Amino acid sequence: MLRTLSRVGAIGLALLAPVAAFAQDPGLQAPVAVAEAAAAVPNPGNNAWMMTATVLVMLMILPGLALFYGGLTRSKNMLSTMTQIGATASLAMLAWVIWGYSTAFGPEGNAFFSWGNLFLAQTDASSTAATFTDEVISEFVFISFQMTFAAITAALILGATAERMKFSAVMLFVPLWLTIVYFPIAHMVWAGGGLLFEDGALDFAGGTVVHINAGVSGLVLAYLLGKRRGYPAEPMPPHSLTLTMVGTGLLWVGWFGFNAGSALEADASAGLAMINTFVATAAGALTWMVIEKLAGHKGSALGFCSGVIAGLVAVTPAAGNSGPFGAILLGIVSSAVCYVFVAKIKAKLGYDDSLDAFGIHGIGGIVGAIGTAVVYQPFLAGPGDGSTALGVQLWVQIYSVLVTIVWAGIGTLVVGLVVKMLLGLRVTEEAEVDGLDISEHGERAYN
(Lines give C-alpha, C1' and ligand atoms only; values in the text may rest on other atoms or scores of the structure.)
Protein backbone atom coordinates (compact mmCIF):
# COMPACT_ATOMS: atom_id res chain seq x y z
CA MET A 1 0.00 0.00 0.00
CA LEU A 2 2.76 2.39 0.96
CA ARG A 3 4.64 1.48 -2.21
CA THR A 4 1.57 2.28 -4.29
CA LEU A 5 1.11 5.66 -2.58
CA SER A 6 4.74 6.53 -3.08
CA ARG A 7 4.47 5.75 -6.79
CA VAL A 8 1.39 7.95 -7.07
CA GLY A 9 3.20 10.73 -5.23
CA ALA A 10 6.19 10.45 -7.55
CA ILE A 11 3.97 10.62 -10.63
CA GLY A 12 2.20 13.64 -9.16
CA LEU A 13 5.48 15.46 -8.53
CA ALA A 14 6.62 14.67 -12.04
CA LEU A 15 3.42 16.16 -13.45
CA LEU A 16 3.68 19.25 -11.28
CA ALA A 17 7.28 19.97 -12.21
CA PRO A 18 6.53 21.26 -15.74
CA VAL A 19 3.70 23.37 -14.36
CA ALA A 20 6.04 24.98 -11.86
CA ALA A 21 8.65 25.58 -14.55
CA PHE A 22 5.97 27.08 -16.84
CA ALA A 23 4.92 29.46 -14.10
CA GLN A 24 8.50 30.53 -13.36
CA ASP A 25 9.73 31.01 -16.95
CA PRO A 26 8.46 34.29 -18.50
CA GLY A 27 9.20 32.89 -21.92
CA LEU A 28 6.50 30.29 -21.42
CA GLN A 29 3.72 32.82 -20.70
CA ALA A 30 2.82 33.43 -24.37
CA PRO A 31 -0.16 31.02 -24.41
CA VAL A 32 -1.70 32.88 -21.46
CA ALA A 33 -1.20 36.23 -23.20
CA VAL A 34 -2.76 34.88 -26.36
CA ALA A 35 -5.77 33.66 -24.41
CA GLU A 36 -6.18 37.06 -22.76
CA ALA A 37 -5.96 38.82 -26.11
CA ALA A 38 -8.62 36.63 -27.68
CA ALA A 39 -11.70 38.39 -28.95
CA ALA A 40 -14.47 38.89 -26.40
CA VAL A 41 -17.32 36.40 -26.64
CA PRO A 42 -20.94 37.56 -26.26
CA ASN A 43 -22.39 36.81 -22.86
CA PRO A 44 -25.29 34.40 -23.49
CA GLY A 45 -27.38 36.07 -20.80
CA ASN A 46 -26.99 39.55 -22.30
CA ASN A 47 -27.57 38.16 -25.77
CA ALA A 48 -30.77 36.44 -24.65
CA TRP A 49 -32.02 39.61 -22.96
CA MET A 50 -31.34 41.73 -26.04
CA MET A 51 -33.13 39.24 -28.29
CA THR A 52 -36.09 39.43 -25.90
CA ALA A 53 -35.96 43.23 -25.85
CA THR A 54 -35.94 43.30 -29.65
CA VAL A 55 -39.07 41.16 -29.81
CA LEU A 56 -40.72 43.43 -27.22
CA VAL A 57 -40.09 46.47 -29.42
CA MET A 58 -41.58 44.56 -32.34
CA LEU A 59 -44.63 43.99 -30.12
CA MET A 60 -44.91 47.77 -29.83
CA ILE A 61 -45.34 48.07 -33.60
CA LEU A 62 -47.50 45.08 -34.44
CA PRO A 63 -49.91 44.81 -32.75
CA GLY A 64 -49.31 47.66 -30.24
CA LEU A 65 -49.12 50.84 -32.31
CA ALA A 66 -51.41 49.42 -35.01
CA LEU A 67 -54.20 48.87 -32.48
CA PHE A 68 -53.53 52.13 -30.63
CA TYR A 69 -53.68 54.26 -33.76
CA GLY A 70 -56.32 52.10 -35.45
CA GLY A 71 -58.74 52.45 -32.57
CA LEU A 72 -58.35 56.23 -32.60
CA THR A 73 -59.44 56.56 -36.25
CA ARG A 74 -62.94 56.34 -37.65
CA SER A 75 -64.05 52.82 -38.50
CA LYS A 76 -63.76 53.39 -42.25
CA ASN A 77 -60.01 54.00 -41.85
CA MET A 78 -59.15 51.27 -39.33
CA LEU A 79 -57.53 48.77 -41.72
CA SER A 80 -55.73 51.41 -43.77
CA THR A 81 -54.09 52.78 -40.62
CA MET A 82 -52.98 49.33 -39.48
CA THR A 83 -51.82 48.38 -42.97
CA GLN A 84 -49.77 51.54 -43.34
CA ILE A 85 -48.07 50.83 -40.03
CA GLY A 86 -47.27 47.22 -40.91
CA ALA A 87 -46.04 48.05 -44.40
CA THR A 88 -43.99 51.00 -43.13
CA ALA A 89 -42.27 48.82 -40.52
CA SER A 90 -41.54 46.13 -43.10
CA LEU A 91 -40.07 48.61 -45.56
CA ALA A 92 -37.97 50.20 -42.81
CA MET A 93 -36.52 46.82 -41.86
CA LEU A 94 -35.39 46.13 -45.41
CA ALA A 95 -33.92 49.61 -45.79
CA TRP A 96 -32.10 49.16 -42.47
CA VAL A 97 -30.22 46.02 -43.44
CA ILE A 98 -29.46 47.21 -47.00
CA TRP A 99 -28.09 50.69 -46.23
CA GLY A 100 -29.55 52.04 -42.99
CA TYR A 101 -27.29 50.30 -40.48
CA SER A 102 -24.27 51.28 -42.56
CA THR A 103 -25.43 54.91 -42.63
CA ALA A 104 -26.04 55.05 -38.88
CA PHE A 105 -23.38 52.73 -37.43
CA GLY A 106 -20.96 51.94 -40.27
CA PRO A 107 -17.23 51.47 -39.61
CA GLU A 108 -16.32 54.75 -41.37
CA GLY A 109 -17.99 58.07 -40.82
CA ASN A 110 -18.06 61.72 -39.80
CA ALA A 111 -20.20 63.77 -37.45
CA PHE A 112 -23.38 63.35 -39.51
CA PHE A 113 -23.44 59.86 -41.04
CA SER A 114 -21.32 56.76 -41.63
CA TRP A 115 -20.67 54.21 -44.35
CA GLY A 116 -18.82 50.99 -45.16
CA ASN A 117 -21.26 48.17 -44.39
CA LEU A 118 -23.85 48.10 -47.17
CA PHE A 119 -25.92 44.89 -47.20
CA LEU A 120 -24.17 44.06 -43.88
CA ALA A 121 -21.21 42.89 -45.97
CA GLN A 122 -18.80 43.45 -43.07
CA THR A 123 -20.89 41.51 -40.55
CA ASP A 124 -21.04 37.75 -39.95
CA ALA A 125 -22.07 35.39 -37.15
CA SER A 126 -18.82 36.01 -35.25
CA SER A 127 -19.15 39.83 -35.32
CA THR A 128 -19.80 41.56 -32.02
CA ALA A 129 -21.07 44.96 -30.94
CA ALA A 130 -19.78 46.86 -27.91
CA THR A 131 -21.98 47.66 -24.93
CA PHE A 132 -21.42 50.31 -22.26
CA THR A 133 -19.03 48.07 -20.29
CA ASP A 134 -16.35 45.63 -21.38
CA GLU A 135 -19.04 43.16 -22.49
CA VAL A 136 -20.10 42.54 -26.09
CA ILE A 137 -23.23 41.18 -27.75
CA SER A 138 -23.77 39.61 -31.14
CA GLU A 139 -23.75 42.32 -33.79
CA PHE A 140 -26.71 40.70 -35.53
CA VAL A 141 -28.69 41.11 -32.30
CA PHE A 142 -27.66 44.77 -32.03
CA ILE A 143 -28.58 45.32 -35.69
CA SER A 144 -31.99 43.74 -35.12
CA PHE A 145 -32.62 45.81 -31.99
CA GLN A 146 -31.78 49.08 -33.73
CA MET A 147 -33.80 47.95 -36.75
CA THR A 148 -36.99 47.91 -34.68
CA PHE A 149 -36.27 51.49 -33.56
CA ALA A 150 -36.08 52.66 -37.17
CA ALA A 151 -39.29 50.79 -37.95
CA ILE A 152 -41.37 52.22 -35.11
CA THR A 153 -40.09 55.77 -35.60
CA ALA A 154 -41.25 55.82 -39.21
CA ALA A 155 -44.59 54.29 -38.17
CA LEU A 156 -45.18 56.90 -35.45
CA ILE A 157 -45.32 59.65 -38.07
CA LEU A 158 -48.47 58.08 -39.51
CA GLY A 159 -50.47 59.25 -36.51
CA ALA A 160 -50.28 62.79 -37.90
CA THR A 161 -51.27 61.80 -41.44
CA ALA A 162 -53.99 59.25 -40.69
CA GLU A 163 -57.20 59.13 -42.75
CA ARG A 164 -55.97 61.14 -45.74
CA MET A 165 -52.51 60.10 -47.02
CA LYS A 166 -52.13 57.82 -50.04
CA PHE A 167 -50.67 54.38 -49.40
CA SER A 168 -48.36 54.79 -52.41
CA ALA A 169 -47.16 58.12 -51.04
CA VAL A 170 -46.39 56.51 -47.69
CA MET A 171 -44.36 53.79 -49.39
CA LEU A 172 -42.24 56.35 -51.25
CA PHE A 173 -41.96 58.73 -48.30
CA VAL A 174 -40.66 56.13 -45.82
CA PRO A 175 -37.36 55.08 -47.46
CA LEU A 176 -36.56 58.66 -48.47
CA TRP A 177 -37.31 59.97 -44.99
CA LEU A 178 -35.30 57.25 -43.29
CA THR A 179 -32.31 58.01 -45.48
CA ILE A 180 -32.37 61.80 -45.16
CA VAL A 181 -33.69 62.18 -41.61
CA TYR A 182 -33.66 59.12 -39.38
CA PHE A 183 -30.35 57.41 -40.23
CA PRO A 184 -28.26 60.60 -39.86
CA ILE A 185 -29.93 61.60 -36.57
CA ALA A 186 -29.42 58.09 -35.16
CA HIS A 187 -25.74 58.39 -36.09
CA MET A 188 -25.39 61.87 -34.60
CA VAL A 189 -26.91 60.85 -31.25
CA TRP A 190 -25.85 57.22 -30.72
CA ALA A 191 -22.71 56.51 -32.75
CA GLY A 192 -19.16 57.27 -31.65
CA GLY A 193 -18.00 60.33 -33.56
CA GLY A 194 -21.59 61.55 -34.02
CA LEU A 195 -22.17 65.28 -33.58
CA LEU A 196 -24.44 65.09 -30.53
CA PHE A 197 -22.82 61.96 -29.09
CA GLU A 198 -19.47 63.75 -28.89
CA ASP A 199 -21.15 66.79 -27.31
CA GLY A 200 -22.31 64.58 -24.44
CA ALA A 201 -26.05 64.59 -25.20
CA LEU A 202 -28.00 62.21 -22.95
CA ASP A 203 -30.56 60.15 -24.86
CA PHE A 204 -30.84 56.70 -23.34
CA ALA A 205 -33.49 55.24 -25.63
CA GLY A 206 -34.59 57.80 -28.22
CA GLY A 207 -36.13 61.05 -26.98
CA THR A 208 -34.51 62.91 -29.88
CA VAL A 209 -33.91 60.06 -32.33
CA VAL A 210 -37.41 58.58 -32.07
CA HIS A 211 -39.98 60.89 -30.52
CA ILE A 212 -38.95 64.44 -31.40
CA ASN A 213 -37.89 63.17 -34.82
CA ALA A 214 -41.23 61.49 -35.52
CA GLY A 215 -43.33 64.22 -33.91
CA VAL A 216 -41.77 67.11 -35.82
CA SER A 217 -41.86 65.14 -39.07
CA GLY A 218 -45.52 64.34 -38.50
CA LEU A 219 -46.29 68.02 -37.92
CA VAL A 220 -44.60 69.03 -41.19
CA LEU A 221 -46.52 66.37 -43.10
CA ALA A 222 -49.80 67.41 -41.47
CA TYR A 223 -49.30 70.96 -42.77
CA LEU A 224 -48.38 69.66 -46.24
CA LEU A 225 -51.45 67.42 -46.38
CA GLY A 226 -53.91 69.92 -45.00
CA LYS A 227 -56.83 69.19 -42.71
CA ARG A 228 -59.13 66.20 -43.03
CA ARG A 229 -62.38 66.91 -44.80
CA GLY A 230 -64.77 68.36 -42.24
CA TYR A 231 -62.13 69.01 -39.56
CA PRO A 232 -62.61 70.58 -37.03
CA ALA A 233 -66.31 71.33 -37.46
CA GLU A 234 -67.32 67.68 -37.89
CA PRO A 235 -66.91 65.41 -34.83
CA MET A 236 -64.32 62.68 -35.45
CA PRO A 237 -64.26 60.60 -32.26
CA PRO A 238 -62.24 57.37 -31.97
CA HIS A 239 -64.26 54.44 -33.27
CA SER A 240 -62.94 51.93 -30.70
CA LEU A 241 -61.35 53.03 -27.46
CA THR A 242 -61.38 49.36 -26.48
CA LEU A 243 -58.81 48.60 -29.19
CA THR A 244 -56.88 51.76 -28.30
CA MET A 245 -56.73 50.60 -24.69
CA VAL A 246 -55.44 47.18 -25.79
CA GLY A 247 -52.85 48.89 -27.97
CA THR A 248 -51.84 51.12 -25.05
CA GLY A 249 -51.23 48.10 -22.86
CA LEU A 250 -49.13 46.42 -25.54
CA LEU A 251 -47.12 49.61 -26.02
CA TRP A 252 -46.41 49.88 -22.29
CA VAL A 253 -45.31 46.25 -22.09
CA GLY A 254 -43.18 46.54 -25.22
CA TRP A 255 -41.62 49.76 -23.94
CA PHE A 256 -39.66 47.79 -21.35
CA GLY A 257 -37.74 46.30 -24.25
CA PHE A 258 -37.41 49.77 -25.74
CA ASN A 259 -36.04 51.40 -22.57
CA ALA A 260 -34.42 48.62 -20.55
CA GLY A 261 -33.07 47.05 -23.73
CA SER A 262 -31.18 50.25 -24.48
CA ALA A 263 -28.79 49.36 -21.67
CA LEU A 264 -27.57 46.64 -24.09
CA GLU A 265 -27.02 44.33 -21.12
CA ALA A 266 -29.10 42.68 -18.42
CA ASP A 267 -27.46 44.77 -15.72
CA ALA A 268 -28.25 47.40 -13.07
CA SER A 269 -28.71 50.10 -15.72
CA ALA A 270 -31.42 47.98 -17.35
CA GLY A 271 -33.04 47.53 -13.94
CA LEU A 272 -33.06 51.30 -13.41
CA ALA A 273 -34.62 51.83 -16.83
CA MET A 274 -37.22 49.21 -16.01
CA ILE A 275 -38.47 50.77 -12.78
CA ASN A 276 -38.44 54.24 -14.34
CA THR A 277 -40.62 52.94 -17.18
CA PHE A 278 -43.12 51.75 -14.59
CA VAL A 279 -43.35 54.85 -12.42
CA ALA A 280 -43.06 57.64 -15.02
CA THR A 281 -45.83 56.01 -17.04
CA ALA A 282 -48.10 55.57 -14.03
CA ALA A 283 -47.57 59.21 -13.06
CA GLY A 284 -48.32 60.39 -16.60
CA ALA A 285 -51.53 58.35 -16.84
CA LEU A 286 -52.96 59.60 -13.56
CA THR A 287 -51.87 63.20 -14.15
CA TRP A 288 -53.79 63.43 -17.44
CA MET A 289 -56.96 62.09 -15.80
CA VAL A 290 -56.60 64.51 -12.86
CA ILE A 291 -56.22 67.45 -15.25
CA GLU A 292 -59.35 66.31 -17.11
CA LYS A 293 -61.23 66.35 -13.81
CA LEU A 294 -59.89 69.78 -12.85
CA ALA A 295 -60.91 71.07 -16.28
CA GLY A 296 -64.52 70.06 -15.57
CA HIS A 297 -64.55 66.79 -17.51
CA LYS A 298 -64.62 63.18 -16.46
CA GLY A 299 -61.45 61.16 -16.21
CA SER A 300 -61.55 59.20 -19.45
CA ALA A 301 -60.09 56.07 -20.99
CA LEU A 302 -58.70 58.24 -23.78
CA GLY A 303 -57.11 60.48 -21.17
CA PHE A 304 -55.57 57.47 -19.46
CA CYS A 305 -54.13 56.20 -22.75
CA SER A 306 -52.81 59.64 -23.69
CA GLY A 307 -51.18 60.04 -20.28
CA VAL A 308 -49.55 56.63 -20.54
CA ILE A 309 -47.92 57.55 -23.85
CA ALA A 310 -46.90 61.00 -22.58
CA GLY A 311 -45.16 59.41 -19.59
CA LEU A 312 -43.48 56.73 -21.71
CA VAL A 313 -42.24 59.28 -24.24
CA ALA A 314 -40.79 61.60 -21.60
CA VAL A 315 -38.95 58.87 -19.71
CA THR A 316 -37.43 57.39 -22.87
CA PRO A 317 -34.33 59.64 -22.96
CA ALA A 318 -34.09 59.52 -19.17
CA ALA A 319 -34.75 55.81 -18.62
CA GLY A 320 -31.20 55.02 -17.48
CA ASN A 321 -30.35 58.65 -16.74
CA SER A 322 -32.74 59.29 -13.85
CA GLY A 323 -33.68 57.99 -10.45
CA PRO A 324 -37.28 56.83 -9.88
CA PHE A 325 -38.30 60.10 -8.22
CA GLY A 326 -37.00 62.10 -11.18
CA ALA A 327 -38.86 59.77 -13.55
CA ILE A 328 -42.12 60.42 -11.68
CA LEU A 329 -41.58 64.18 -12.02
CA LEU A 330 -40.94 63.79 -15.74
CA GLY A 331 -44.13 61.79 -16.18
CA ILE A 332 -46.18 64.45 -14.39
CA VAL A 333 -44.69 67.41 -16.24
CA SER A 334 -44.85 65.73 -19.65
CA SER A 335 -48.48 64.72 -19.22
CA ALA A 336 -49.47 68.23 -18.17
CA VAL A 337 -47.62 69.94 -21.02
CA CYS A 338 -48.90 67.48 -23.62
CA TYR A 339 -52.46 67.95 -22.39
CA VAL A 340 -52.19 71.71 -22.91
CA PHE A 341 -50.85 71.25 -26.43
CA VAL A 342 -53.45 68.69 -27.43
CA ALA A 343 -56.45 70.40 -25.80
CA LYS A 344 -55.60 74.08 -26.27
CA ILE A 345 -52.65 75.02 -28.48
CA LYS A 346 -53.36 72.58 -31.31
CA ALA A 347 -56.65 74.32 -32.15
CA LYS A 348 -55.06 77.77 -32.00
CA LEU A 349 -52.26 76.79 -34.39
CA GLY A 350 -54.78 75.31 -36.81
CA TYR A 351 -53.00 72.11 -37.80
CA ASP A 352 -54.68 68.71 -38.08
CA ASP A 353 -52.42 66.23 -36.30
CA SER A 354 -54.99 63.43 -36.58
CA LEU A 355 -53.85 61.25 -33.67
CA ASP A 356 -51.62 63.77 -31.87
CA ALA A 357 -48.27 62.40 -32.97
CA PHE A 358 -46.70 65.83 -32.51
CA GLY A 359 -48.76 66.83 -29.49
CA ILE A 360 -47.63 63.79 -27.49
CA HIS A 361 -44.52 62.34 -29.12
CA GLY A 362 -42.99 65.60 -30.28
CA ILE A 363 -43.84 67.70 -27.23
CA GLY A 364 -43.32 64.85 -24.75
CA GLY A 365 -39.97 64.10 -26.37
CA ILE A 366 -38.88 67.71 -25.97
CA VAL A 367 -39.92 67.75 -22.30
CA GLY A 368 -38.12 64.46 -21.68
CA ALA A 369 -34.94 65.37 -23.56
CA ILE A 370 -34.51 68.70 -21.79
CA GLY A 371 -35.73 67.35 -18.46
CA THR A 372 -33.12 64.59 -18.57
CA ALA A 373 -30.48 67.20 -17.75
CA VAL A 374 -32.28 67.88 -14.47
CA VAL A 375 -33.22 64.37 -13.37
CA TYR A 376 -29.69 63.14 -14.17
CA GLN A 377 -28.28 65.23 -11.35
CA PRO A 378 -27.41 63.64 -7.99
CA PHE A 379 -29.58 66.11 -6.04
CA LEU A 380 -32.60 64.26 -7.50
CA ALA A 381 -30.95 60.88 -6.86
CA GLY A 382 -29.99 60.62 -10.51
CA PRO A 383 -27.05 58.48 -11.65
CA GLY A 384 -24.88 61.49 -12.56
CA ASP A 385 -21.84 62.18 -10.40
CA GLY A 386 -22.16 65.95 -10.54
CA SER A 387 -19.04 66.39 -12.66
CA THR A 388 -21.10 68.11 -15.38
CA ALA A 389 -22.87 71.18 -14.07
CA LEU A 390 -26.62 71.36 -14.52
CA GLY A 391 -26.39 74.46 -16.68
CA VAL A 392 -23.84 72.87 -18.99
CA GLN A 393 -25.84 69.67 -19.42
CA LEU A 394 -29.03 71.66 -19.86
CA TRP A 395 -27.52 73.55 -22.80
CA VAL A 396 -26.24 70.30 -24.35
CA GLN A 397 -29.76 68.87 -24.15
CA ILE A 398 -31.39 71.98 -25.57
CA TYR A 399 -28.86 72.05 -28.40
CA SER A 400 -29.58 68.41 -29.25
CA VAL A 401 -33.32 69.16 -29.31
CA LEU A 402 -32.81 72.15 -31.61
CA VAL A 403 -30.57 70.18 -33.99
CA THR A 404 -33.16 67.38 -34.16
CA ILE A 405 -36.06 69.79 -34.77
CA VAL A 406 -34.24 71.63 -37.56
CA TRP A 407 -32.89 68.47 -39.23
CA ALA A 408 -36.22 66.63 -39.05
CA GLY A 409 -38.26 69.66 -40.08
CA ILE A 410 -36.20 70.59 -43.13
CA GLY A 411 -35.57 66.99 -44.16
CA THR A 412 -39.25 66.06 -43.94
CA LEU A 413 -40.28 69.17 -45.84
CA VAL A 414 -37.91 68.28 -48.69
CA VAL A 415 -39.01 64.63 -48.80
CA GLY A 416 -42.68 65.57 -48.53
CA LEU A 417 -42.46 68.03 -51.42
CA VAL A 418 -40.65 65.48 -53.59
CA VAL A 419 -43.31 62.84 -52.94
CA LYS A 420 -46.07 65.38 -53.53
CA MET A 421 -44.55 66.32 -56.87
CA LEU A 422 -44.06 62.70 -57.99
CA LEU A 423 -47.19 60.95 -56.66
CA GLY A 424 -49.28 63.41 -54.74
CA LEU A 425 -49.69 63.07 -50.98
CA ARG A 426 -53.42 63.03 -50.46
CA VAL A 427 -56.22 60.75 -51.57
CA THR A 428 -59.12 62.19 -53.58
CA GLU A 429 -62.08 63.74 -51.80
CA GLU A 430 -64.27 60.82 -52.86
CA ALA A 431 -61.77 58.30 -51.47
CA GLU A 432 -61.60 60.22 -48.21
CA VAL A 433 -65.39 60.24 -47.88
CA ASP A 434 -65.62 56.50 -48.61
CA GLY A 435 -62.76 55.78 -46.23
CA LEU A 436 -59.24 54.62 -47.00
CA ASP A 437 -60.05 51.01 -46.12
CA ILE A 438 -62.20 50.51 -49.19
CA SER A 439 -60.66 53.15 -51.47
CA GLU A 440 -56.99 52.24 -50.91
CA HIS A 441 -57.18 48.54 -50.02
CA GLY A 442 -60.53 47.27 -51.23
CA GLU A 443 -61.67 45.90 -47.87
CA ARG A 444 -63.43 46.93 -44.71
CA ALA A 445 -62.57 46.44 -41.07
CA TYR A 446 -66.21 45.80 -40.21
CA ASN A 447 -68.89 44.35 -42.49
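Treat the numbers as computed from the prediction; the structure is a model and nothing was measured.
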Quiz item: Parallel, tilted or perpendicular for His361 and Trp255, by the 30°/60° rule?
Solution: parallel
Quiz item: Just how far is it from atom CZ of Arg426 to atom CG of Leu221, taken to the nearest 0.5 Å?
Solution: 12.5 Å
Quiz item: Is there a donor-acceptor pair under 3.5 Å between the side chain of Gln84 and the backbone N or O of Met165?
Solution: yes
Quiz item: Side chains of Asp267 and Ser269: do they bring a donor and an acceptor to under 3.5 Å?
Solution: no
Quiz prompt | Residue pair Glu265, Thr131: steps toward the side chain to side chain donor-acceptor pair (under 3.5 Å) verdict | solution = CA-CA 7 Å; Glu265 297 180 38; Thr131 65; 2.6 Å; yes
Quiz prompt | Set of residues satisfying side chain to side chain donor-acceptor pair (under 3.5 Å) with respect to Asp352, sequence neighbours excluded | solution = Arg228
Quiz item: Donor-acceptor pair, Asn321 side chain versus Pro317 backbone, under 3.5 Å?
Solution: yes
Self-check item: Reported OG-to-CD1 distance for the pair Ser90 and Ile85, which is rounded to 0.5 angstrom
Solution: 11.5 Å
Quiz item: Is there any salt bridge (charged side-chain N to carboxylate O under 4.0 Å, His left out) pair reaching into residues 334-350, and which pairs are they, with sequence neighbours excluded?
Solution: Lys346-Asp356
Exercise. Could you tell me whether the side chains of Asn259 and Ser262 share a donor-acceptor contact shorter than 3.5 Å?
Key: no
Quiz item: Which atom pair, heavy atoms only, marks the closest approach of Ala318 to Val375?
Solution: CB-CG2, 4.0 Å
Quiz prompt | CE/Met51: more than 12 non-hydrogen atoms of other groups inside 6.0 Å | solution = no
Quiz item: If you take all heavy atoms of Gly226 and Arg164, which pair is closest and at what distance?
Solution: O-NE, 2.7 Å
Quiz prompt | Whether Trp99 side chain and Trp115 backbone form a donor-acceptor pair below 3.5 Å | solution = no
Self-check item: More than 12 heavy atoms of other groups within 6.0 Å of Ile275 CD1
Solution: no
Quiz item: Could you give the distance from CG (Leu67) to CG (Leu251), rounded to the nearest 0.5 Å?
Solution: 9.0 Å
Quiz prompt | Rounded distance (nearest 0.5 Å) linking atom CG of Leu72 with atom CG of Leu302 | solution = 6.5 Å
Exercise. Nearest 0.5 Å please: distance from the CZ atom of Phe142 over to the CG atom of Asn47.
Key: 13.0 Å
Quiz prompt | Derivation and outcome, side-chain contact (heavy atoms from CB on, under 4.5 Å), residues Leu156 and Leu65 | solution = CA-CA 8 Å; Leu156 286 172; Leu65 185 64; 3.8 Å; yes
Quiz item: Do we see a donor-acceptor contact under 3.5 Å between the side chains of Thr123 and Asn117?
Solution: yes
Quiz prompt | 4.5 Å side-chain heavy-atom contact, Leu224 and Leu413 | solution = yes
Quiz item: Mind checking whether Glu139 and Tyr101 have side chains closer than 4.5 Å, heavy atoms only?
Solution: yes
Exercise. Check whether any side-chain heavy atom of Leu202 lies under 4.5 Å from a side-chain heavy atom of Gln397, and answer yes or no.
Key: yes
Practice problem: Begin with the C-alpha distance, continue with both residues' side-chain angles, and end with the deciding distance and a verdict on side chain to side chain donor-acceptor pair (under 3.5 Å) for Asn276 and Ser322. | Solution: CA-CA 8 Å; Asn276 286 342; Ser322 172; 4.5 Å; no
Exercise. Return the minimal non-hydrogen interatomic distance between Ile157 and Gly218, and the atom names on each side.
Key: CG2-CA, 3.9 Å
Self-check item: Side chain to side chain, Met188 and Thr208, heavy atoms closer than 4.5 Å
Solution: no
Exercise. Might you point out which heavy atoms bring Thr148 and Phe145 nearest each other, and give the distance in Å?
Key: OG1-O, 2.6 Å
Practice problem: State which residues pass side chain to side chain donor-acceptor pair (under 3.5 Å) with Asp134; sequence neighbours excluded, sorted by chain then number. | Solution: none
Quiz prompt | Donor-acceptor contact present, side-chain Ser80 to main-chain Leu436, <3.5 Å | solution = no
Self-check item: Asp437 and Lys76: CA distance, side-chain angles, deciding distance, side-chain contact (heavy atoms from CB on, under 4.5 Å) verdict
Solution: CA-CA 6 Å; Asp437 285 6; Lys76 63 183 180 180; 5.5 Å; no
Quiz prompt | Intermediate values then yes/no, side-chain contact (heavy atoms from CB on, under 4.5 Å), His187 and Thr103 | solution = CA-CA 7 Å; His187 175 80; Thr103 306; over 6 Å; no
Practice problem: Kindly give the heavy-atom pair with the smallest separation between Thr88 and Ala154, and that separation in Å. | Solution: CG2-CB, 3.6 Å
Self-check item: Contact check, side chains of Ile405 and Ile366, non-hydrogen atoms, under 4.5 Å
Solution: yes
Exercise. For the residue pair Leu196 and Tyr399, establish whether any side-chain heavy-atom pair is separated by less than 4.5 Å.
Key: yes
Self-check item: ring-ring contact (aromatic ring centres under 6.0 Å, His included) pairs, two or more places apart, involving residues 46-82
Solution: none
Quiz item: Between Val210 and Thr316, is a side-chain contact (heavy atoms from CB on, under 4.5 Å) present by the stated rule, with each step listed?
Solution: CA-CA 9 Å; Val210 177; Thr316 294; 5.9 Å; no
Quiz item: Between Phe258 and Phe149, how do the two ring planes meet: parallel, tilted or perpendicular, split at 30° and 60°?
Solution: parallel
Self-check item: Qualifying residues under side chain to side chain donor-acceptor pair (under 3.5 Å), relative to Glu440, sequence neighbours excluded
Solution: none
Self-check item: His441 and Thr83, any side-chain heavy atoms less than 4.5 Å apart
Solution: yes
Self-check item: Minimal non-hydrogen separation, Asn213 against Thr404, with atom names
Solution: N-CG2, 4.0 Å
Quiz item: Do any N or O atoms from the side chain of Gln393 and from the backbone of Thr372 form a donor-acceptor pair under 3.5 angstrom?
Solution: no
Could you pull out all donor-acceptor pairs under 3.5 Å where a side-chain atom in residues 325-341 meets a protein atom, sequence neighbours excluded?
from: Ser334; atom 1: OG; to: Ala310; atom 2: O; distance (Å): 2.9
from: Ser335; atom 1: OG; to: Gly284; atom 2: O; distance (Å): 2.8
from: Ser335; atom 1: OG; to: Trp288; atom 2: N; distance (Å): 3.3

Self-check item: Side chain proximity check, Val403 to Ser400, heavy atoms < 4.5 angstrom
Solution: no
Self-check item: Parallel, tilted or perpendicular, as decided by the 30° and 60° cut-offs, for the rings of Phe173 and Trp177
Solution: parallel
Exercise. Quick one: sort the Phe105 and Trp96 rings into parallel, tilted or perpendicular, breaks at 30° and 60°.
Key: perpendicular
Self-check item: Any donor-acceptor N/O pair, Ser114 side chain to Gly106 backbone, under 3.5 Å
Solution: yes
Self-check item: From CZ (Phe113) to OG (Ser102), nearest 0.5 Å
Solution: 10.5 Å
